[in-house]
Amino acid sequence: MSIQIFNTLTRTKEQLETIEPGKVRMYVCGPTVYNKAHIGHAMSALVFDVIRRYLEYRGFDVQFAMNFTDVDDKIIRRANEMGIDPFDLAEGYIQDFQKNMAELNIKPASFNPRASKEIDQIIAIVQGLIDKGAAYPLEGDVYFRVRNDPNYGKLSGRNLDDMRAGVRKEADDRKEDPMDFALWKSAKPGEPAWESPWGPGRPGWHIECSAMNYHYFGDSIDIHGGGNDLIFPHHENEIAQSELFTGKPFARYWVHNGMLQLRGEKMSKSLGNIISIDEFLTQHSADSFRYLILNSAYRNPIIFNDDVLMQAEKALDRVRFAFNPAVESAKGASDSVKQTLSEQINATRNGFINAMDDDFNSAGALGNIFELIRVINYSRDEGATQLELQPAQDLLMELTNVLGLTLADGSEKKQMAEADPFVQLLVDLRLELRKQKNWGLADQIRNQLFEKGVVLEDTKDGTTWHWDRRA
RNA sequence: GGCGACGUGGCCAAGUGGAUAAGGCAAGGGUCUGCAAAACCCUCACCAUCGGUUCGAAUCCGAUCGUCGCCUCCA
């Protein structure tokens, strides 16, 4: 039994063998904080949260780093437009982002390095690359010399000559090769800048990730993650910089999530089809988004629309229902039912692990969970006692926890809480009417509560009710 | 133009060579219920098309059609 993980570098599933047994060093590219985080960021964060949680479940000590790019052209431009300090702008969005992550039940990273705090490290690496002939200063900038790197293109499967066709002709002619990318950018007046051997400036985008990795993890890490839109050029460049600097392999496994599809296309600012995490959460639960991610393969694009979100909410209702206790009149299940239950517990535990071991096949894992749910509900109907149900529900709790589902009732319940005693009053009153077989009035109460978003369910042991916005 | 991914039932989506193609949502029938709701039981797929490899293919190969991503900042 071992974990298989798809490595973009080799385009195959490989057995996970970490540098240090039992320990995983994992780095995921975080956001550039110049705006509110959107649900595409959320997808990426959720994918790697699930991977991290599962690795921990399997006994690994996971050292998890996610950076913030807090020095960047876009941040500077936006701050100038707003007339505020770029670092204040960045700080605000970092706070926002971390609030969003908490709302989505994403575990905090072990480290959240920031580009602006790694300048010494960045300068040291840039200088090291210059010393090795891998980079060259040019009028206050420093560029990476792609032609010097025989391995350039190994992650994205491109070669420099193929790419040249796509390069814009009006590109900067000062560079030795159009594909050479900036490690250090000279500052214009009024821009944030740090002193460097090449004059005042700031780091390029790619170098910061190399520097932060080196700072926190040393020469090599186990897993490097990010969206598949980062494969080229960002991750390609990270590899080039880090490996030429250290002379060692940078990351063992490159893991990339697919893009969120909104109306059949990628969400992006130029298309104007952005949904922020804040906006999403005013309409839907965090669990529903997580379910969407879990119910598909992380490497594929995910379809996002109201339909699939509704389906997710309904599916989650089913999961929550399975935690309902045994009925009060339960007399104990038959031997065959008890056997079915105990067999399903084993089957689900094994099935879950087999699925997740296979490149984090969370959709397969969910399938196993729903089979357990079916058997739990069946056993309850067949008269299983709480004692008999408990082990199965414990496993259900354990596995949904690994996937990071909170199974909370949703925020509407909290908002409605103050109305709860009055609802209960009506429910109790209706129970009396039902005892008197006054069906007309009883139904009237049920229907009118339904219109107010309260769903009643009569059972042998009384009436239960819950808020349901969709009602 | 170059590189890559994908196309499984009404919808979402596992499965990537072998016996009946997971699971969820929706739908239809039934049990239960005063009636509902929920739950439970039952039903519902020749895996884009065509050709090839194989004893055997959704799964491998080729072609065609379609969708998407990257090649510029992007999770």
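In what follows, chains carry the letters A, B, and so on, assigned in the order in which the sequence lines appear, proteins first and then strands, with residues in each chain numbered from 1. Quick caveat: nothing in here was measured; it's all calculated off a predicted structure.
- Distance Tyr152(A) OH to C3(B) P: 18 Å, rounded to the nearest Å.
- Within 4.0 Å (heavy atoms only), Gly40(A) reaches at least one base atom of the nucleic acid.
- Pairing for U16(B) is absent, with no Watson-Crick or G-U wobble pair whose two atom distances lie under 3.5 Å.
- If you take CG of Leu9(A) and C1' of G4(B), they are 15 Å apart, rounded to a whole angstrom.
- Ile231(A) comes within 4.0 angstrom of no nucleic acid atom, judged by non-hydrogen atoms across all strands.
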With 3.5 Å as the limit, what N/O pairs link the protein to nucleotides 28-35 of chain B?
{"from": "G34(B)", "atom 1": "O6", "to": "Arg434(A)", "atom 2": "NE", "distance (Å)": "3.2"}
{"from": "G34(B)", "atom 1": "N1", "to": "Asp443(A)", "atom 2": "OD1", "distance (Å)": "3.0"}
{"from": "G34(B)", "atom 1": "N2", "to": "Asp443(A)", "atom 2": "OD2", "distance (Å)": "2.8"}
{"from": "C35(B)", "atom 1": "O2", "to": "Arg446(A)", "atom 2": "NH2", "distance (Å)": "2.6"}
{"from": "C35(B)", "atom 1": "N3", "to": "Arg446(A)", "atom 2": "NH1", "distance (Å)": "3.0"}
{"from": "C35(B)", "atom 1": "N3", "to": "Arg446(A)", "atom 2": "NH2", "distance (Å)": "3.2"}
{"from": "C35(B)", "atom 1": "N4", "to": "Asp458(A)", "atom 2": "OD2", "distance (Å)": "3.1"}

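- Judged by Watson-Crick or G-U wobble contacts below 3.5 Å, the nucleotide G69(B) has C3(B) as its partner.
- Heavy atoms of Ile369(A) sit nowhere under 4.0 angstrom from any nucleic acid atom.
- For Arg202(A), the salt bridge (Lys or Arg N to Asp or Glu O under 4.0 Å) test picks out Asp73(A), Glu191(A), with sequence neighbours left out.
- Phosphate proximity of G24(B) to Arg318(A): present, with a side-chain N or O under 4.0 Å from OP1 or OP2.
- Aromatic ring centres of Phe289(A) and Phe280(A) lie closer together than 6.0 Å.
- Comparing G7(B) with A14(B), their C1' atoms sit 15 Å apart, to the nearest whole Å.
- Nearest nucleotide to the Asp381(A) side chain, out of C71(B), C40(B), G15(B): C40(B).
- Distance NE2 (His224(A)) to P (A75(B)): 13 Å, rounded to an integer number of Å.
- Checked against salt bridge (Lys or Arg N to Asp or Glu O under 4.0 Å), Glu279(A) has no partners two or more places apart in sequence or in another chain.
- For Phe250(A), the ring-ring contact (aromatic ring centres under 6.0 Å, His included) test picks out His224(A), Trp254(A), with sequence neighbours left out.
- Picking from A13(B), C70(B), C25(B) the nucleotide with the shortest atom distance to the side chain of Lys314(A) gives C25(B).
- At a cut-off of 3.5 Å, with distance as the only test, no side-chain donor of Thr348(A) or Asn368(A) sits close to an acceptor on the other residue.
- Using a 4.0 Å heavy-atom distance criterion, Leu456(A) is classed as a base contact.
- Within the 4.0 angstrom heavy-atom criterion, base atoms lie near Asn257(A).
- If you take CG of Leu160(A) and P of C3(B), they are 15 Å apart, rounded to a whole angstrom.
- Contacts of Gln261(A) with the nucleic acid, taken as non-hydrogen atoms under 4.0 Å apart, involve only primed sugar atoms and P, OP1 or OP2.
- Minimum atom distance to the side chain of Glu371(A) is reached by A22(B), of the listed A75(B), C25(B), A22(B).
- Judged by distance alone, the side chains of Asn237(A) and Tyr152(A) do bring a donor and an acceptor atom under 3.5 Å apart.
- Under the salt bridge (Lys or Arg N to Asp or Glu O under 4.0 Å) criterion, Asp49(A) pairs with Arg53(A), Arg290(A), not counting sequence neighbours.
- Among the heavy atoms of the strands lying under 4.0 Å from Asn361(A) are primed sugar atoms or P, OP1, OP2 only; no base atom is included.
- No donor-acceptor contact under 3.5 angstrom links the side chains of Ser116(A) and Arg114(A), judged on distance only.
- Of the candidates A75(B), C41(B), G15(B), A75(B) carries the atom nearest the His41(A) side chain, counting heavy atoms from C-beta on.
- In this structure, CG of Asn377(A) is placed 7 Å from P of A39(B), rounded to the nearest angstrom.
- When distances are taken from the side chain of Arg374(A) to each of A14(B), C71(B), G23(B), the shortest belongs to G23(B).
- For the pair Lys13(A) NZ and G15(B) C1', the interatomic distance rounds to 10 Å; values are reported in whole Å.
- Judged by atom type and distance alone, Gln311(A) reaches the base of G24(B) through a side-chain donor-acceptor pair under 3.5 Å.
- If you take atom P in C47(B) and the same atom in A21(B), they sit 12 Å apart, rounded to whole Å.
- Residue Leu309(A) contributes atom CG, which lies 18 Å from atom P of C11(B) at whole-angstrom precision.
- The Met259(A) side chain lies nearest to A75(B) when the options are C71(B), A75(B), A38(B).
- Among residues two or more places apart in sequence or in another chain, the salt bridge (Lys or Arg N to Asp or Glu O under 4.0 Å) test is passed with Glu371(A) by none.
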